[in-house]
Amino acid sequence: MEYNFQEIEQRWQKYWQDNNIYKVELNPTKPNFYVLDMFPYPSGAGLHVGHPLGYIASDIFSRYKRLKGFNVLHPMGYDSFGLPAEQYAIQTGQHPAITTRQNIERYREQLDRIGFSYDWEREIRTSDPAYYKWTQWAFLQLFKHYYDTKTQSAQPVSKLVQQFEHSGNVDVSAAHSCPETFTALEWKQKSEAEQQKILLNYRLAYLADSLVNWCPALGTVLANDEVVNGVSERGGHPVIQKEMKQWSLRISAYAQRLLDGLERIDWTESLKEIQRNWIGRSEGAEMNFKIKNSSHLLEIFTTRPDTSWGVTFMVMAPENKLVAEITPPDYQEAVHHYITESQKRSERERMADTKTVSGQFTGAYAINPMNGNEIPIYISDYVLMGYGTGAIMAVPAHDSRDFRFARHFNLPVIQVVVAPDAVASDTSQWTDSFDAKEGVMIHSGFIDGLDVKKAIRKTIEYIEYQGIGKGKINFRLRDAIFSRQRYWGEPLPIYFKDGLPYPLNEDQLPLELPEVDKFLPTEDGQPPLGRAESWSTPEGYPYELSTMPGFAGSSAYMYRYMDPSNPMELVSKEANQYWKNVDLYLGGAEHATGHLIYSRFWNKFLFDLGVVCEDEPFKKLINQGMIQGRSSLVYRIQQSNTFVSFEKSSQYDTTPIHVDVNMVENDVLDLEAFKAWRPEFADAEFILNDHDQYKCGYQVEKMSKRYYNVVNPDDIVLKYGADTLRMYEMFLGPLDQSKPWDTNGIDGVHKFLRKFWRLFFDRDGNLLVELSNPEAAELKILHKTIKKVNEDIERFNFNTSVSAFMICVNELNELNCHKRQILEPLTILLSPFAPHICEEIWHQIGHPDSIVTAGFPEFDEKYLVENSFEYPVSFNGKMRFKINFPADLSSEEIEKQILANETALKWLEGKPARKVVVVPKRIINIVF
RNA sequence: GCGGAUGUGGCGUAAUUGGUAGCCGCGCUAGACUUAGGAUCUAGUGCCUUACGGCGUGGGGGUUCGAGUCCCUUCAUCCGCACCA
């Protein structure tokens with residue numbers, strides 16, 4: 001009986017399901033481990049062969065941990081709200097809930113066929129009201145809390161109100177955007193509406209006018225991480241800057257903690273670096289410049305207060321509201337013109353064009369507080385409203401952008417820093433600025449002669465003493481825009497009374513998504529929810545019309561898996577105390593600045609509330625690499641329907657054309673299939689190679705429908721089986737690297753499984769396994785493999801374990817070994833990789849229970865002890881021959897013997913050995 | 001421009017972390033068996049050379065008895081970020 005993978009895999013998948021083999025429960029008697037995959041968005045295209053890569057790796061690790069005696073939580077679910085389903089709904093009228101459900105069913109079928117050990121009873125879907133109840137709940141908590149900068153934690157807004165009532169807001173330590181200060185008395189005299197407005201400036205979820213990324217094509221605002229190179233991440237539509245009233249999350253309050261937390265988690269350095277850059281901490285000072293003939297102050301942020309003496313002009317962002325106030329009448333028109341021009345430019349244009357210098361003098365002058373000089377104030381695109389204060393002091397001598405600007409507008413350049421051991425030079429001769437991170441101050445009053453670091457410190461002391469400004473840490477991380485003018489997302493649990501937002505009561509959750517007639521904005525431009533009938537509270541107050549963004553549902557899902565059907569809490573204390581947080585998280589690096597920042601923020605907030613017990617959600621994170629497509633190409637001779645084989649293609653003038661990889665095997669094209677593929681190829685003619693075959697060329701690129709290089713795991717499972725697919729995906733190369741998928745290589749892995757099978761069964765299906773005691777050589781093979789595989793799994797080097805298994809089976813085959821004492825542990829060892837075949841064998845050799853209940857084989861060093869070692873003998877570093885010496889022979893003795901050795905003498909060509917290096921059990925090197 | 005990663009046979013890759021470069025597999029070559037198959041088995045396969053031997057881990061330089069691995073420099077590819085003050 002040959003290895004019948006189809007029958008075997010179906011049987012055991014059914015057995016696992018029928019017997020609830022992968023069900024997980026709290027079990028305080030066992031150590032626990034939580035392995036999580038980034039859950040997928042169920043797209044209409046289904047899974048391709050690249051998607052399961054991480055799932056297979058995490059499944060192997062889960063099964064391994066289970067064999068090692070851990071209680072392993074390994075769940076799966078769906079990130080099922082999102083734009084594609086809604087775009088599809090707009091086109092077809094099909095409700096996104098229906099498409100989503102169909103897509104999920106398809107995903108589930110595909111996943112089931114690969115033999116994962118998920119506990120499906122814990123499945124979650126972010127679009128399920130029972131789930132998004134907790135997303136809404138968390139939002140309400142964000143609404144009801146503010147960030148206390150003294151305790152560095154979220155605190156109830158009620159506490160803030162108490163402080164306001166007691167002493168106003170002057171001494172309050174809170175992250176806020178409140179423009180005004182007030183006393184306790186003033187607070188109490190404010191109306192309810194006024195008080196609510198002020199509180200919005202403190203809440204962690206707040207509604208405010210802010211400059212947002214508006215995507216007209218999608219009809220919604222987007223968060224910073226959803227905009228890539230000035231276009232929307234989904235769909236690539238243009239994005240413009242617009243001021244709108246939007247919900248935001250005050251993630252900026254957590255910037256420092258998000259940065260600090262990175263030190264304590266086991267993520268790749270590159271991923272942490274991306275997050276550090278995204279958070280963008282910079283130390284410096286905020287300074288106020290007086291404006292000539294005006295009561296306004298121009299506030300700027302700088303990391304280099306030491307260069308204040310070199311400031312020769314000021315630049316404000318065109319969007320800066322202060323511009324209008326300080327511009328004298330005769331400049332109003334020019335300024336206004338520049339502002340409208342820059343508004344017309346999309347974000348993308350502004351980014352693409354960083355070379356051209358543009359700007360406009362406002363006619364106003366600031367006073368340099370250091371030397372009293374009057375300096376002109378400009379507006380320019382190169383200063384961003386979104387960073388710092390939207391205004392800068394320009395130091396052209398030491399900043400390349402300021403320098404270009406100064407040259408363009410003929411503004412003075414004053415050098416205030418010289419490189420160590422250098423002297424000041426004539427700045428009019430400079431072709432670029434001197435961006436001096438270190439050096440010595442000149443022309444700078446009382447900090448002259450100090451080095452940059454000291455000068456910065458001294459200047460900050462001075463400006464604080466003078467009341468000009470203060471030391472400040474600035475972050476690039478912006479608050480996250482939290483509303484989307486879309487249908488297929490979580491409704492925000494907010495209603496409006498007199499135009500002010502109020503939270504729903506928690507017992508009114510979930511606020512379910514209403515039915516609408518069309519998934520489009522209303523005629524007057526309201527979001528799709530504006531179409532819903534009676535979208536208001538029972539009292540008639542209208543609900544918020546926006547829904548939540550994609551990252552909302554994925555921000556706390558890791559906790560819901562711990563206690564997925566709890567109707568009372570997001571997660572029970574008991575379940576959370578047991579599982580704590582995710583031990584191992586697997587997914588793509590594309591979530592570095594989105595999901596992985598938001599969920600860390602969300603987690604820290606829940607931690608502050610005492611809802612969860614860990615401050616970081618994902619202890620260890622691994623990014624799997626992308627699986628690329630390997631496209632096949634045929635070469636059509638220009639102006640003809642003749643195709644020439646790859647080998648001869650250079651002799652002709654050809655056009656390469658992508659062909660479906662499913663018609664190609666080992667780069668050889670199936671000509672009949674090709675002719676049948678498209679009508680225009682029906683009468684195609686071919687120039688074949690010397691073997692009478694048509695050989696295709698290939699190209700590695702993204703796996704995508706348009707390149708006809710998509711490989712569906714279902715096809716692989718059908719042809720080779722899930723165990724082969726699992727092992728081949730691992731065999732392809734290191735988990736974290738991108739690599740092309742080439743179905744051809746899969747034979748080797750499939751052959752391996754058949755060889756493994758044949759260690760147990762003869763051709764007629766009789767069990768060959770016998771009970772005699774194993775030889776030393778057999779035990780050595782087994783234990784070598786146990787050691788290697790164990791170490792590899794711990795380091796996530798699954799590709800090398802597959803090799804180790806192949807070597808092991810090859811060697812046992814050579815020894816004709818069918819001994820149970822060898823094969824049974826080997827089966828357990830292999831079962832995380834190839835669970836179906838191992839489960840089958842496990843039962844065939846007489847075990848009534850599933851192999852997942854077995855224990856991981858123990859490695860014993862004693863079987864690997866060698867009593868001799870074959871030394872490679874090198875001469876001047878070149879290996880020439882090998883020689884056996886007892887393993888415990890001393891270096892001195894080896895040296896003596898090797899110098900007397902005939903072969904060695906031959907290589908010495910009669911010359912004396914100048915030096916002999918002997919590294920025990922490694923190498924002998926003779927220098928002459 | 002800044003930051004990160006990666007460069008090893010025709011291809012995917014391996015190398016106990018400074019100690020035999022090319023393990024395992026694909027592909028290829030030759031052969032065996034055969035109920036002719038996209039099955040199985042055997043042998044070979046980094047490059048150059050008839051051979052002796054030489055050359056080889058993107059290039060150049062260095063440290064070392066010894067470098068794919070460490071240092072300097074340079075090139076190429078990929079991925080982030082990008083007027084961040």
Side-chain angles (χ1 to χ4, degrees), chain A residues 2 228-229 268-278 280-282 284 300-304 307 315 317 350-351 353-355 357 380-384 386-395 399-402 404-405 474-478 589-590 592-593 625-626 628 630 665-668 698 700 719 728 731-734 736-749 751-752 754-755 758 763 787-788 791 797 799-807 810 870-882 913-919 921-928:
Chain A
E2 273 298 294
V228 179
N229 292 329
T268 60
E269 208 35 54
S270 72
L271 189 55
K272 288 196 210 177
E273 201 53 36
I274 291 173
Q275 291 217 340
R276 283 189 199 109
N277 290 341
W278 192 259
R281 182 184 198 272
S282 59
I300 58 101
F301 173 74
T302 177
T303 55
R304 295 296 299 276
T307 60
V315 189
R350 247 172 105 160
M351 281 168 59
D353 179 25
T354 61
K355 299 249 155 32
V357 177
S380 174
D381 260 356
Y382 86 89
V383 174
L384 309 174
Y387 186 75
T389 62
I392 61 158
M393 60 179 214
V395 185
D399 181 289
S400 57
R401 296 151 303 176
D402 297 346
R404 275 199 307 255
F405 195 86
N474 208 11
F475 292 95
R476 198 182 80 106
L477 184 71
R478 307 256 58 83
E590 66 274 19
T593 52
M626 285 236 291
Q628 295 151 306
R630 187 181 185 279
E665 186 145 346
N666 272 337
D667 291 336
V668 176
Y698 73 91
V700 172
K719 204 163 164 191
Y728 186 54
F731 186 61
L732 238 32
D736 53 357
Q737 273 171 37
S738 291
K739 54 243 159 184
W741 175 273
D742 183 1
T743 304
N744 290 313
I746 205 169
D747 269 340
V749 170
K751 247 183 248 177
F752 155 75
R754 283 206 303 259
K755 279 190 209 167
R758 263 183 273 119
R763 281 172 197 282
K787 180 169 194 256
K788 173 83 176 137
E791 287 170 357
N797 291 339
N799 53 326
T800 49
S801 339
V802 179
S803 295
F805 280 122
M806 289 174 169
I807 294 167
N810 287 347
E870 190 181 43
Y871 281 88
V873 185
S874 299
F875 292 80
N876 293 335
K878 285 233 171 285
M879 204 280 287
R880 295 303 182 181
F881 68 97
K882 288 176 189 173
R914 280 203 289 134
K915 187 173 180 182
V916 180
V917 181
V918 178
V919 185
K921 291 200 202 167
R922 278 281 149 87
I923 198 171
I924 300 168
N925 190 20
I926 300 169
V927 189
F928 69 101

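So that the names make sense, note that chain A is the first sequence line, chain B the second, and so on, each numbered from 1. As a basis for the values below, the full set of heavy atoms in this structure was taken, side chains included, without hydrogen atoms, waters or symmetry mates.
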For [N] and [M], measure between their [atom1] atoms and round to the nearest Å.
| N | M | atom1 | answer |
| --- | --- | --- | --- |
| B/G3 | B/C47 | P | 40 Å |
| B/G7 | B/G12 | C1' | 15 Å |
| B/C65 | B/G60 | C1' | 24 Å |
| B/G59 | B/U8 | P | 10 Å |
| B/G68 | B/G58 | P | 10 Å |
| B/A15 | B/U69 | C1' | 10 Å |
| B/G9 | B/A82 | P | 36 Å |
| B/G22 | B/G44 | P | 15 Å |

Could you tell me the separation between the [atom1] atom of [X] and the [atom2] atom of [N], rounded to a whole number of Å?
| X | N | atom1 | atom2 | answer |
| --- | --- | --- | --- | --- |
| A/Y382 | B/A82 | OH | C1' | 16 Å |
| A/K921 | B/U20 | NZ | P | 16 Å |
| A/W741 | B/C26 | CH2 | P | 15 Å |
| A/F805 | B/C24 | CZ | P | 17 Å |
| A/M879 | B/A15 | CE | C1' | 14 Å |
| A/N810 | B/C24 | CG | P | 8 Å |
| A/R922 | B/U20 | CZ | P | 8 Å |
| A/I807 | B/A15 | CD1 | P | 11 Å |

#### Entry: Chi-based syn or anti call at B/G9, which uses purine or pyrimidine torsion atoms and a 90° bound
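Syn, since the glycosidic angle lies within 90° of 0.
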### Query
For B/U17, does the O4'-C1'-N9-C4 (purine) or O4'-C1'-N1-C2 (pyrimidine) torsion place it in syn, i.e. within 90° of 0, or in anti?
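B/U17: syn glycosidic orientation.
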Would you indicate what [X] reaches in the nucleic acid, counting non-hydrogen atoms under 4.0 angstrom: base, sugar-phosphate, or nothing?
| X | value |
| --- | --- |
| A/N666 | sugar-phosphate |
| A/R880 | sugar-phosphate |
| A/K882 | base |
| A/T800 | sugar-phosphate |
| A/K719 | base |

Any heavy-atom pair between the side chains of [Y] and [X] that's under 4.5 Å?
| X | Y | result |
| --- | --- | --- |
| A/M879 | A/I923 | no |
| A/T268 | A/D736 | no |
| A/Y382 | A/R404 | no |
| A/M806 | A/V749 | yes |
| A/V873 | A/R880 | no |
| A/F875 | A/F881 | yes |
| A/R281 | A/R476 | no |
| A/P740 | A/Y698 | no |

Residue pair [X] / [Y]: nearest heavy atoms and the distance that separates them:
| X | Y | answer |
| --- | --- | --- |
| A/F301 | A/G388 | CB-CA, 4.3 Å |
| A/S803 | A/F731 | OG-CE1, 3.8 Å |
| A/P734 | A/N799 | N-ND2, 3.5 Å |
| A/N876 | A/V927 | OD1-CA, 3.3 Å |

Using both distances under 3.5 Å as the test, list the Watson-Crick or G-U wobble partner of [N], or none.
| N | result |
| --- | --- |
| B/G25 | B/C11 |
| B/U40 | B/A32 |
| B/G66 | none |
| B/G1 | B/C81 |
| B/U57 | none |

Provide a list of protein-nucleic acid N or O atom pairs under 3.5 angstrom, restricted to nucleotides 39-49 of chain B.
| residue | atom | partner | partner atom | Å |
| --- | --- | --- | --- | --- |
| B/U40 | OP1 | A/R754 | NH2 | 2.3 |

### Query
In terms of the nearest nucleotide of RNA chain B, which residue is placed more toward the 5' end: A/T593 or A/I746?
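Taking each residue's closest nucleotide, the earlier one in sequence belongs to A/I746.
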What protein N or O atoms touch nucleotides 2-12 of chain B N or O atoms at under 3.5 angstrom, if any, and at what distances?
| residue | atom | partner | partner atom | Å |
| --- | --- | --- | --- | --- |
| B/G12 | O2' | A/L732 | O | 2.4 |

I'd like a list of close polar pairs between nucleotides 63-66 of chain B and the protein, N/O only, cut-off under 3.5 Å.
| residue | atom | partner | partner atom | Å |
| --- | --- | --- | --- | --- |
| B/C65 | O2' | A/N925 | ND2 | 3.1 |
| B/C65 | O2 | A/N925 | ND2 | 2.8 |

### Task
Report yes if a side-chain nitrogen or oxygen of A/N744 is closer than 4.0 Å to either non-bridging phosphate oxygen (OP1 or OP2) of B/C26; otherwise report no.
no
Tell me which nucleotide among [options] gets nearest to the side chain of [X].
| X | options | result |
| --- | --- | --- |
| A/I274 | B/G25, B/G80, B/U16 | B/G80 |
| A/F301 | B/C81, B/C55, B/A85 | B/A85 |
| A/S282 | B/G19, B/C81, B/A85 | B/A85 |

### Spacing of A/Y387 atom OH and A/L477 atom CG [to the nearest 0.5 Å]
11.5 Å
### Query
Hey, what do you get for CD (A/E2) to CZ (A/R763), rounding to the nearest 0.5 Å?
6.0 Å
#### Entry: Face-on cation placement of A/R630 at A/W741 ring, 6.0 Å and 45° thresholds
no
